[in-house]
Amino acid sequence: MKSTVKLKEKHISPLQETPIRLQEYAVGIFSTNPTKSGIKKAIKKGLVLVNGKVASTALYIVGGETIELYQEEIKATDKQFIFPLEVVYEDDFLAVIFKPSGIVVSGNSFATINNALEQNLKISSLKDAVIPRAVHRLDYPTSGLLLISKTNETTHYLSKLFEEKNISKTYHAITIGQMNNSGLIDIPVDEKESKSEFKVLQRIPSKKYKFLNLVELNPKTGRRHQLRKHLHGIGNPILGDKEYYIENLISYGNGLYLHATSLNFVHPSTKEEMKFTKELPKKFRRLFPNFSL
């Protein structure tokens with residue numbers, strides 16, 4: 001997609017007893033962009049004009065200024081990344097899609113989940129509609145549920161839920177070796193506090209690995225590669241992990257056995273409790289045919 005800008009709202013400031021920074025004053029005056037972080041981003045992107053001139057975050061409001069908020073209007077590009085996605089849920093605010101393993105969510109590459117959203121999702125009809133974008137990440141080799149925002153306000157709301165740890169995520173993995181039935185892993189990741197809970201659901205013997213374990217995982221923090229690093233750190237790396245592995249115990253056949261199984265959060269508009277679950281991929285079920293969610 002590409003975008004042009006269009007005037008969305010106009011505001012004339014009343015006389016101020018004390019001059020106030022634009023990014024402080026503008027919080028709440030525009031219905032399509034009510035938050036402080038949203039206003040700051042809009043100013044930095046040149047979407048806020050004061051008296052007809054592009055404003056800066058250093059500008060002070062004294063009274064009588066005409067403040068205009070512009071918004072990027074979404075238009076389709078000629079070139080699209082054609083990649084059908086399974087849409088688990090969709091409304092005007094957000095969507096939940098299934099991300100297959102072997103594709104990145106975002107980045108400089110053309111072949112990303114974000115670049116495939118245009119052809120798979122409907123553009124929101126709300127005033128603060130934005131180009132649909134993922135609000136969290138899943139590693140390239142990881143499959144599972146991915147949460148997508150379709151409006152400016154929803155992006156800020158969901159980002160805050162993640163920041164305050166009010167979105168619950170559950171993963172399933174197949175790990176190698178003998179491991180405890182359950183526990184909490186608190187090994188720091190990138191020198192930052194990190195916590196992951198695990199529970200072994202089923203275990204089968206293996207000639208090559210001694211044991212294969214079907215494990216439920218609940219990350220309490222969101223560090224990069226946290227689950228993979230944590231399981232490797234306790235001596236039970238994920239089957240198929242080519243970055244965090246034990247020498248001579250690498251599986252090259254079917255990729256990484258890590259799957260984002262469920263998402264649980266409160267909807268930004270309806271305040272309804274939303275819970276989504278995606279069954280385990282076939283490669284999991286081939287090893288553990290008697291397990292079901």
Side-chain angles (χ1 to χ4, degrees), residues 1-4 41 45 72-124 129-152 154-155 158-159 162 167 169-174 190 217 219 222-229 237-245 250-263 276-286:
M1 292 182 179
K2 60 182 179 180
S3 61
T4 58
K41 287 180 181 178
K45 292 171 77 172
E72 293 177 314
E73 294 289 304
I74 302 165
K75 291 189 176 181
T77 57
D78 295 331
K79 189 177 181 181
Q80 297 182 27
F81 174 49
I82 306 302
F83 189 84
L85 293 169
E86 179 186 343
V87 180
V88 178
Y89 174 84
E90 181 178 15
D91 61 25
D92 251 352
F93 298 88
L94 56 87
V96 177
I97 63 107
F98 170 67
K99 175 201 166 305
S101 60
I103 183 170
V104 293
V105 173
S106 60
N108 295 326
S109 171
F110 177 62
T112 68
I113 291 293
N114 275 344
N115 287 342
L117 293 175
E118 175 184 355
Q119 57 152 315
N120 287 281
L121 298 177
K122 299 173 184 175
I123 298 300
S124 173
V130 296
I131 298 170
R133 285 291 179 262
V135 292
H136 62 114
R137 62 180 181 268
L138 289 177
D139 292 344
Y140 170 84
T142 304
S143 61
L145 297 176
L146 191 66
L147 184 54
I148 310 298
S149 174
K150 297 172 69 174
T151 75
N152 184 63
T154 299
T155 299
L158 294 175
S159 297
F162 274 110
I167 292 185
K169 294 189 290 182
T170 301
Y171 292 75
H172 284 78
I174 294 179
D190 299 328
L217 299 159
R223 312 302 179 199
R224 186 172 184 268
H225 293 180
Q226 175 178 311
L227 295 175
R228 298 165 67 183
K229 288 180 176 179
I238 299 175
L239 183 65
D241 200 327
K242 298 178 179 63
E243 290 187 62
Y244 310 101
Y245 60 89
I250 307 177
S251 170
Y252 293 97
N254 292 300
L256 182 72
Y257 283 74
L258 179 61
H259 178 72
T261 314
S262 71
L263 281 170
F276 302 97
T277 302
K278 179 63 178 173
E279 70 274 6
L280 297 181
K282 289 181 180 178
K283 65 182 183 182
F284 282 70
R285 301 199 300 270
R286 280 195 291 265

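Bear in mind that the values here come from a model prediction, so they are computed numbers and not experimental data.
- A distance of 11.0 Å separates CD of Glu243 from CD1 of Ile250, quoted to the nearest 0.5 Å.
- Atom-to-atom distance recorded for Lys122:NZ and Leu117:CG is 15.0 Å, nearest 0.5 angstrom.
- For the atom pair NZ of Lys283 and CG of Leu239, the computed distance is 8.5 Å after rounding to the nearest 0.5 Å.
- The environment of CZ in Phe98 is crowded: more than 12 heavy-atom neighbours from other residues, nucleotides or ligands sit within 6.0 Å.
- For Asn114 (side chain) and Ala134 (main-chain N/O), a donor-acceptor pair under 3.5 Å exists by modelled atom type.
- Taking CG of Leu121 as the start and CG of Leu94 as the end, the distance is 10.5 Å to the nearest 0.5 Å.
- Looking at Lys229 and Asp190, their side chains come closer than 4.5 Å, going by heavy atoms from C-beta outward.
- A salt bridge links Lys150 with Glu90: the closest approach of a Lys/Arg side-chain nitrogen to an acidic carboxylate oxygen falls below 4.0 angstrom.
- Of all heavy-atom pairs spanning Leu217 and Ala173, the tightest one is CD1-CB, 3.7 Å.
- Ring centers of Phe284 and His172: at least 6.0 Å apart, outside the cut-off.
- With rounding to the nearest 0.5 Å, the separation of CG in Asn254 from CD1 in Ile174 is 10.0 Å.
- Shown here for His136 and Val105, the closest heavy-atom pair between the two residues is O-CG1, 4.1 Å.
- Every residue two or more places apart in sequence or in another chain was checked for a side chain to side chain donor-acceptor pair (under 3.5 Å) with Asn108, and none qualifies.
- Contact between Pro84 and Gln119 at its shortest, heavy atoms only, is N-NE2, 4.3 Å.
- Thr155 has its side chain out of reach of Arg133: every pair of non-hydrogen atoms, C-beta onward, lies at least 4.5 Å apart.
- Below 30°, between 30° and 60°, or above 60°: for Phe81 and Phe110 the angle between ring planes is above 60°, a perpendicular geometry.
- Inter-residue side-chain proximity for Arg228 and Pro141 is flagged as met; some heavy-atom pair is nearer than 4.5 Å.
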Candidate pair Thr151 and Asp92, rule side-chain contact (heavy atoms from CB on, under 4.5 Å), full reasoning: CA-CA 8 Å; Thr151 75; Asp92 251 352; 6.0 Å; no
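- More than 12 heavy atoms of other residues, nucleotides or ligands lie within 6.0 Å of CZ in Arg285, so this atom counts as buried by the packing criterion.
- Annotation: side chain of Tyr140 is not in contact with side chain of Leu256 (no heavy-atom distance under 4.5 Å).
- Nearest heavy atom pair, residue Ser251 against residue Lys242, reads O-NZ, 3.8 Å.
- Nearest heavy atoms, Asn120 versus Phe83: ND2-O, 3.0 Å.
- In this structure the side chain of Leu263 reaches within 4.5 angstrom of the side chain of Ile167, judged on heavy atoms.
- Note: Thr142 OG1 to His259 NE2 = 10.5 Å, rounded to the nearest 0.5 Å.
- For Tyr244, the OH atom counts as densely surrounded, since its 6.0 Å shell holds more than 12 non-hydrogen atoms of other residues, nucleotides or ligands.
- Side-chain contact check for Leu258 versus Leu138: every heavy-atom pair is 4.5 Å or farther apart.
- Between Pro132 and Ile123, some side-chain heavy-atom pair lies under the 4.5 Å cut-off.
- Residues Leu85 and Pro100 have side chains in contact (heavy-atom distance under 4.5 Å, counting atoms from C-beta outward).
- Here the closest heavy-atom approach between residue Tyr257 and residue Ile238 is recorded as O-CG2, 3.2 Å.
- Checking side-chain atoms of Lys99 against main-chain N and O of Ile103 turns up a donor-acceptor pair under 3.5 Å.
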Derivation and outcome, side-chain contact (heavy atoms from CB on, under 4.5 Å), residues Ile113 and Ile97: CA-CA 10 Å; Ile113 291 293; Ile97 63 107; 4.0 Å; yes
